[in-house]
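Below is one structure, written out as structure tokens; comments come after it.
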Amino acid sequence: MPCVRPADSEKVKGMKEESFIREGRGKLRVKIDGEESLETTINGRLKSVEEIADMLGVEAENGKIEAEVDGVKVRMQKGRLELEFENGERMRIEKA
């Protein structure tokens with residue numbers, strides 16, 4: 001398993017979860033796990049692994065990303081993105 005690498009903080013200033021989603025056809029399931037769980041479906045699709053790696057300033061290895069950005073662990077593979085925040089909450093965005 002590759003180690004978690006820090007991202008280029010200059011590239012990620014002002015980035016939000018919506019930055020990973022592209023408008024268009026398709027449906028994504030968004031699930032947030034924390035003190036309470038929330039699950040919803042939205043229209044759109046995830047950007048490619050390579051696009052997100054470039055946004056974060058890291059390199060994708062074998063079509064996957066594992067990085068830490070401002071205390072948020074980011075794990076991604078094609079069709080699935082997982083964000084784990086410092087407070088223990090997790091958000092998963094995946095194809096529905």
Side-chain angles (χ1 to χ4, degrees):
M1 175 198 261
C3 65
V4 176
R5 293 181 304 261
D8 180 358
S9 61
E10 288 300 314
K11 287 189 172 189
V12 296
K13 283 185 178 176
M15 190 178 291
K16 299 180 179 169
E17 291 82 6
E18 296 86 19
S19 302
F20 301 111
I21 298 172
R22 174 180 288 129
E23 291 183 26
R25 294 182 176 172
K27 295 225 182 254
L28 294 171
R29 181 178 28 233
V30 179
K31 186 173 184 181
I32 300 172
D33 293 320
E35 290 182 25
E36 295 183 26
S37 291
L38 171 70
E39 188 171 334
T40 189
T41 304
I42 61 172
N43 292 325
R45 57 191 174 116
L46 282 171
K47 291 184 178 179
S48 72
V49 174
E50 292 77 19
E51 286 176 292
I52 292 177
D54 187 49
M55 287 170 40
L56 297 175
V58 299
E59 292 194 25
E61 294 181 14
N62 299 323
K64 296 181 181 180
I65 297 172
E66 283 199 21
E68 187 165 326
V69 180
D70 291 334
V72 178
K73 291 181 183 175
V74 179
R75 291 183 209 92
M76 183 177 187
Q77 60 187 24
K78 185 177 179 180
R80 181 184 175 118
L81 172 68
E82 185 174 313
L83 305 171
E84 186 174 336
F85 301 94
E86 289 179 322
N87 64 3
E89 290 187 5
R90 297 171 73 177
M91 179 182 344
R92 283 188 298 262
I93 304 172
E94 58 191 3
K95 286 174 144 180

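- Within the model, atoms CG of N87 and CD of E35 stand 8.5 Å from one another, a figure rounded to the nearest 0.5 Å.
- Expressed to the nearest 0.5 Å, how far CG of L83 lies from CD1 of I93 amounts to 6.0 Å.
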Apply side-chain contact (heavy atoms from CB on, under 4.5 Å) to residues V58 and V74 and explain how you reach the verdict. CA-CA 11 Å; V58 299; V74 179; over 6 Å; no
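- Minimum interatomic distance between A53 and A60 (heavy atoms only, all atoms of both residues): CB-N, 3.9 Å.
- Crowding of E36 atom CD: a count of heavy atoms from other residues, nucleotides or ligands under 6.0 Å not exceeding 12.
- A salt bridge is defined here as a Lys NZ or Arg NE, NH1 or NH2 lying under 4.0 Å from an Asp or Glu carboxylate O, and E66 with K64 fails to meet this definition.
- We find the CG-CD distance between D33 and E39 to be 8.5 Å, quoted to the nearest 0.5 Å.
- A distance of 5.0 Å separates CG of L28 from CD1 of I42, quoted to the nearest 0.5 Å.
- In terms of heavy atoms, Q77 sits closest to V49 at C-CG2, 3.8 Å.
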Report the C-alpha distance between E94 and K31 in whole Å, list the side-chain angles of each, state the deciding distance to 0.1 Å, and finish with yes or no for side-chain contact (heavy atoms from CB on, under 4.5 Å). CA-CA 9 Å; E94 58 191 3; K31 186 173 184 181; over 6 Å; no
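- Nearest heavy-atom pair, A96 versus R29, reported as atom, atom and distance to 0.1 Å: CB-N, 4.1 Å.
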Go through the steps to decide whether E84 and V72 satisfy the test side-chain contact (heavy atoms from CB on, under 4.5 Å), and finish with yes or no. CA-CA 6 Å; E84 186 174 336; V72 178; 5.9 Å; no
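- One distance of note links CD of E59 with CD of E50; it measures 11.5 Å at 0.5 Å rounding.
- Here the NZ-CE distance, from K47 to M76, works out to 10.5 Å after rounding to the nearest 0.5 Å.
- Within a 6.0 Å radius of CG in N62, no more than 12 heavy atoms belonging to other residues, nucleotides or ligands are found.
- Residue L46 comes nearest to R22 through the heavy atom pair O-NH1, 4.3 Å, listed as atom of the first residue, atom of the second, then distance.
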Audit row: R25, R45, side-chain contact (heavy atoms from CB on, under 4.5 Å) steps and yes/no: CA-CA 7 Å; R25 294 182 176 172; R45 57 191 174 116; over 6 Å; no
